[in-house]
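Right, one structure below, let's go through it.
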Amino acid sequence: MTDDVAPVRSFWEGLGLPGLYDVHVHFLPPNIQRAVYAVFDAAGPKIGREWPIRYRHSHAERVALLRDFGVRRFPTLPYAHKPGVAAYLNGWARDFSADVPEALWSATFFPESEAAAYVADLVAGGVEIFKVHLQVGEFHLDDPLLDEVWGVLQDSGTPVVVHASSGPIGNDFTGPASTERLLRRFPRLCLVLAHMGSPECAEFLGLAERYDRVHLDTTMVFTDFFPPYPPKLVPRLVDLQDKVLLGSDFPTIPYPYAHQLEGLARLDLGDDWLRAVCWGNGARLLGEPVVSPT
Ligand SMILES: [Zn+2]
């Protein structure tokens with residue numbers, strides 16, 4: 001794995017950055033992590049293809065590797081696949097972020113009657129970022145059980161990473177429709193649309209253009225592993241320089257971490273664009289990075 005470090009560091013050093021700000025990293029409780037790995041390993045129906053996980057290390061080793069890469073701040077992005085587990089995931093994620101200074105305090109929610117109360121408590125406590133995953137959770141963003149949750153989050157401005165798009169495999173709950181309906185009702189929500197909305201790239205890009213607080217994360221897009229990003233949309237990413245955020249999906253990626261960065265560089269949108277995407281936008285949206293203990 002040490003071979004993976006040097007190209008990552010030379011990328012941000014070459015841009016004159018103090019490191020990377022990655023808004024799409026996962027750390028899950030060991031039992032849940034094992035279940036997620038098993039789904040990827042089996043290339044199950046929600047994955048659809050072989051997906052060899054490159055960074056299948058212990059939590060301590062993964063934190064050390066992110067530090068070696070120079071990733072100065074990252075979330076843990078839990079997500080629930082059924083009712084009744086969000087509170088457990090959220091407790092674990094809170095403890096993790098208390099132990100690891102670079103980790104953003106992350107949480108999730110699920111359409112369930114308790115959601116409004118636990119989300120309000122988390123926001124009051126200072127949670128920094130949420131994640132929801134429609135394909136895995138099999139719910140619509142505008143599920144009526146989430147009405148109060150969205151009201152709280154629109155008022156607090158807490159960023160929510162939303163995997164709503166249909167990659168890698170869609171189902172009845174994926175696609176832009178429920179995000180569009182949600183934003184019509186809650187236009188000031190701070191959403192980070194994962195995977196640039198791929199494969200519904202144009203629709204999700206349009207939402208980032210139309211709504212002030214809607215962002216996109218680069219997670220796995222622009223790599224050789226993902227379907228090509230439509231070339232005709234690339235020029236519009238220049239105007240969205242302040243709304244595109246580096247995301248990687250570490251550790252569940254089938255290639256070296258640096259490949260995500262190469263994919264961004266070969267868009268050829270300039271060093272200022274890369275500096276905004278890989279550092280400045282994350283720092284502005286989610287707060288200053290933390291200097292790693294050495
Ligand atoms: Zn992810």
Side-chain angles (χ1 to χ4, degrees), residues 20-29 32-41 43-44 46-49 51-57 59 62-63 65-66 69 71 73-81 85-86 89-90 92-93 96-97 103-104 106-110 128-139 141 159-171 173-174 179 191-201 204 215-223 225-227 229 244-257 259-261 263-264 277 282 286:
L20 297 172
Y21 208 117
D22 184 341
V23 305
H24 199 128
V25 168
H26 294 285
F27 282 90
L28 298 167
I32 306 274
Q33 184 70 80
R34 273 194 297 279
V36 171
Y37 283 167
V39 171
F40 280 90
D41 290 344
K46 296 218 170 186
I47 303 298
R49 61 182 296 181
W51 198 298
I53 298 163
R54 188 168 180 90
Y55 299 108
R56 193 191 297 252
H57 304 90
H59 285 147
R62 273 191 265 148
V63 169
L65 192 52
L66 287 169
F69 286 161
V71 178
R73 203 110 166 92
F74 53 83
T76 65
L77 302 189
Y79 51 93
H81 63 295
V85 296
L89 290 167
N90 291 343
W92 190 89
F96 187 95
S97 66
L104 292 157
S106 310
T108 191
F109 49 85
F110 198 87
E128 293 170 291
I129 190 167
F130 286 92
K131 163 77 185 267
V132 290
H133 197 315
L134 304 190
Q135 185 223 29
V136 170
E138 300 191 340
F139 59 86
L141 274 189
V160 184
V161 177
V162 177
H163 184 155
S165 57
S166 302
I169 300 282
N171 61 22
F173 302 92
T174 62
T179 312
L191 303 184
V192 178
L193 305 173
H195 307 286
M196 305 292 294
S198 177
E200 292 100 350
C201 300
F204 284 105
H215 303 71
L216 301 163
D217 86 31
T218 66
T219 306
M220 298 191 75
V221 185
F222 316 114
T223 68
F225 194 76
F226 241 55
Y229 194 76
V244 180
L245 298 155
L246 170 66
S248 67
D249 239 349
F250 178 91
T252 329
I253 45 177
Y255 44 70
Y257 187 96
H259 182 49
Q260 177 74 62
L261 306 172
L264 296 174
V277 169
L286 288 154

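Read the numbers this way: they start at 1 and go in the same order the structure lists the ligands and their atoms.
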> Can you tell me if His195 has an N, O or S atom under 2.8 Å away from the Zn ion (ligand 1)?
Replying inline: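 For His195, the answer is no, given that no N, O or S atom comes within less than 2.8 Å of the Zn ion (ligand 1).
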>> Can you tell me if, anywhere in His133, an N/O/S atom lies at a distance from the Zn ion (ligand 1) that is smaller than 2.8 Å?
In response: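 Not a single backbone or side-chain N, O or S atom of His133 is under 2.8 Å from the Zn ion (ligand 1).
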Compute the ring centroids of [X] and [Y], then answer whether they are less than 6.0 Å apart.
X	Y	answer
Tyr257	Tyr55	no
Phe226	His195	yes
His57	His59	no

> How is the N/O/S atom of Asp249 that comes nearest to the Zn ion (ligand 1) named?
Replying inline: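 For Asp249, the N/O/S atom sitting closest to the Zn ion (ligand 1) is OD1.
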> Parallel, tilted or perpendicular for Phe250 and Phe27, by the 30°/60° rule?
Replying inline: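 The arrangement is tilted - the two ring planes meet at 30° to 60°.
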